[in-house]
There are 2 protein chains.
Amino acid sequence: MSSIKEVAHLAGVSTATVSRMMANKSYVSDDTRARVQAAIDELNYQPNRVAQRLREQQSRILGLIVSDIQNPFFSELARSVEKFAQGRGYSVFICNTDEDGAQEQRYLDLMQQEKVAGLIISPTRQVAKRLERLAKSNLPIVTIDRQVDSSFDAVLIDNEDAALRLTERVIASGYQRIAGIFGHLSFTAEERLAGFRKALEAHGMQPHSMLRTPAFENEGYSAMESLLCASGPPDAVVCSSALLATGAYQAVKAAGLELPEAFGFACFDDPAWARCVSPRVTVIRQPTKLIGESAAELLFKRVENGQRSASLIRLQGELVERESLR
Amino acid sequence: MSSIKEVAHLAGVSTATVSRMMANKSYVSDDTRARVQAAIDELNYQPNRVAQRLREQQSRILGLIVSDIQNPFFSELARSVEKFAQGRGYSVFICNTDEDGAQEQRYLDLMQQEKVAGLIISPTRQVAKRLERLAKSNLPIVTIDRQVDSSFDAVLIDNEDAALRLTERVIASGYQRIAGIFGHLSFTAEERLAGFRKALEAHGMQPHSMLRTPAFENEGYSAMESLLCASGPPDAVVCSSALLATGAYQAVKAAGLELPEAFGFACFDDPAWARCVSPRVTVIRQPTKLIGESAAELLFKRVENGQRSASLIRLQGELVERESLR
DNA sequence: ACATAATATGTAATCGATTACACAATCATT
DNA sequence: AATGATTGTGTAATCGATTACATATTATGT
C-alpha cells in the first residue's frame, strides 16, 4: 500500500498538493493535477482511511447493532438501512449481539472508538443503565424496534396497539382460551404483552396464560408444547415474535390440531413460512423497509445537526388477515 | 473523549508511561501504576482505536462480506463467525452486498483501508477480475460458500455432490419430468446445476427444464409459475436456494398441486418453512455453524501465518428426507 | 503602473496512540 | 568500590492523512 508521500514524491509535489488535488476543492493547476493523477494511477494509491479518520475525527460509516441477525425482521431492516446509507455515500457495519448485554456494550464501545458517524441500534434492556455515558458522548444514535428513553431518536411500531388489534381479531373468531407467548428480554415484548392483555380485558376475558421465554425457535416449541399438554389447554395462541412462532407452530402441528377449527394461531412479523403453510397464518406485518429508511433518515438529520431535539416515529403494524383464524 | 495526554498529565507522568502501563508489559512501578489507573478511572479514559490502528497497522476486527444477509444461511453463518471470533477477542463487521459486484468492491476496498485483520467473504462472480489486486495486498482472506481460485482459503460444501444426491432422491421417487431452478449469478448455483444434470444423465433422463434467475422470492414464484402454466409441465422441481424455493413453493401451492403425489419438491438449505409446511420439504441442509467456525479458524491461522499455503475445506451437505417426495 | 485579488504551492502542526532510544536509579556480584 | 544488569521513566520519532499559514506568482481593475 503506497502512501500520499510516495505519490507526492513521484509527482514532484508536496503531500499538501496531493491532498488538495484529491479533495478536489482548492486551486490546483491543470498541469499539476495531471501529474498527480498519473502518480496515483501508477502507484494504485488509495488514501488510508484510518489516518483520515484520526485527523478528521469522523468517518462516512454508520454502525448498525442488532439484537438478532437471524430474525428476518432485522435482516430485512439491515438491508434497507444499507440501501439508504449507500445512497448518501455511507457504508454500514452491522454487528450482532444475540440479546447479550455485555456483547452489546462491547460493540457500543467499539463503534464509539471507531468514530462511526452514527449508530442505529435495537437496544437490550440492560443498556438502559449506561444511558448517561452514551448521551454524553456526542455520537448520534437512533434506536429501532425499542424505545429506551425519550432523549434518543427512535423508530418503532405501536406495539401495544398492534398486539391489541391482533388479539381482537383472534377474539372476534370466537376463541375462548387464548394464550400468549412473549419474549422475556425486550421492551418490545412487554408492550405487546400489554396490548394482548388490554384486548382481552376489553372483552371481559382472562388470558388463558402468558408465557415469557427467550426468543428462540426451540423455546417457542417447548412453551407451546407444555401449554398443550397441560389440562385445560388453550384453543388459540398469539406469539410476539417470528422465531417463537416458528417453534410454537410446529408444536401445534405435532399435537395434530387442525387450524383454524380446533386451534387459532396468530403472530408478529411475517416470516416466509406464514405464507407457505396452509392455512396461511394471520400476522402483524411490520413496515420493515420503512422503519429502516426512517431510522437512517433520522440519523442523518442528527449527524448534520447534533442539537436537534429527539423525535419519535411511531409507525403502524399492518394486520394481515389470513386463514389461520376462523 | 479524553486522550492519553490528559491521563498522563493528571497522573503526572509521560504518555509513554501510560501506554506501557496499559499494555501491561514492561516495567512500571506499583506506585505509578496506581496513580495512572486512578487518572484513567477519573477521566473514564478509553484509548482511541483509530490512532492505535494507524500506529500498529492492524486491528482485532474481522470483516464478513455476505452476498445476501436475508438468506438464513448467511445470517446463521454470521452468527457462528461472530461467536468464534469473540472467543478470540475479535469483533466482526458484517457487510451486505446483495450480490452486487460494485457494492462488493466498495466494501472490499473499505475493509482493506480499514485495516481489518482478515476477511471472510462469499464472493460474487464479478470479483474474480480483481483477484490479482486482492492477492497482492496481504489481507488474509477466506472465501465461503464459493471458491474463486485455489490461491484463497475456502470453506464450502460439495455442491455438485449434494445436488446430485438430492436429485437422485427425487428420481428414486419416480418423478419423470424434473425441473430445476437455479440462481444465475453465483458459482454455487453453477455447481449445483452440474450435479442436477449429472444425476439425471446417470439415469438416462433429460432435465425437464433448467431455469436460471436472480435469487429472490418473487423470481422463484414467477419461474415456477411459468413452468406450471406451460404445456407439458414438470412433475417435480429442485431449487438451488432457500429464497428461490420459498417463491416456487407458493407457486406450486397456488396451482393447487398436492405434494407429494401430484408434485415433488426439494431444495437447498433448511428454511424454517420447510419444517412448518405439511408435508414437510426434503432438503439439503448445510452444516452452517461448522462452515462459519471453520472459516474463522482458517482465517486466524492465516492471520498468524500469512505464508501458509491455501487450503480448501469441503464439507458435506446433509440430505434431510421428508415427506415432500413420494 | 500600481494596488489588490485570485491562484498555486510548500512548510509544518496536528490528530492519539506506540516504541526505540537515552538516561537515571537501584540492585547484585566479585 | 567498581562493574554490569535490571528496573523505571521521559523524549521524540512515527504511522498517513489534512489544513492553517506563509509565500510566490499571475490576473484584474482603475
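Just so it is clear, the structure is predicted and the values come from calculations on it, not from any experiment. Throughout, a chain's letter reflects where its sequence line sits, starting with A, and its residues are numbered from 1.
Nearest-nucleotide assignment on DNA chain D puts the 5′-proximal partner with D30(B), out of R55(B) and D30(B). The residue among Q52(A) and Q57(B) whose nearest nucleotide of DNA chain D lies closer to the 5′ end is Q57(B).
I121(A) pairs with exactly one of L108(A), L64(A), V148(A) by the side-chain contact (heavy atoms from CB on, under 4.5 Å) rule, that one being L108(A).
Within the 4.5 Å cutoff, side-chain heavy atoms of I120(A) are placed close to those of I144(A). Side-chain contact between K83(A) and D98(B) is present, with at least one heavy-atom pair separated by less than 4.5 Å.
You can see that DNA chain D meets the heavy atoms of chain A within a 4.0 Å-exclusive cut from dG16(D) to dA20(D), reading 5' to 3'.
Closest of all the heavy-atom pairs between V116(A) and S59(A) is CA-OG, 3.7 Å. Contact between T124(B) and R146(B) at its shortest, heavy atoms only, is CA-NH1, 4.0 Å.
Using modelled atom types and a 3.5 Å distance limit, the side chains of Q103(B) and R106(B) yield a donor-acceptor pair. Side-chain contact check for D109(B) and Q105(B): at least one donor-acceptor pair (N or O, by modelled atom type) lies under 3.5 Å.
Ring centroids of F300(B) and Y90(B) are separated by less than 6.0 Å, placing the two rings close together.
Between Y27(A) and dA8(C) there is no side-chain polar atom (N or O) within less than 4.0 angstrom of OP1 or OP2. Look at S29(A) and you'll find a side-chain N or O under 4.0 angstrom from OP1 or OP2 of dT9(C).
A heavy-atom distance below 4.0 Å to DNA chain C is reached by these residues of residues 7-22 of chain A, ordered by number: G12(A), V13(A), S14(A), A16(A), T17(A), R20(A).
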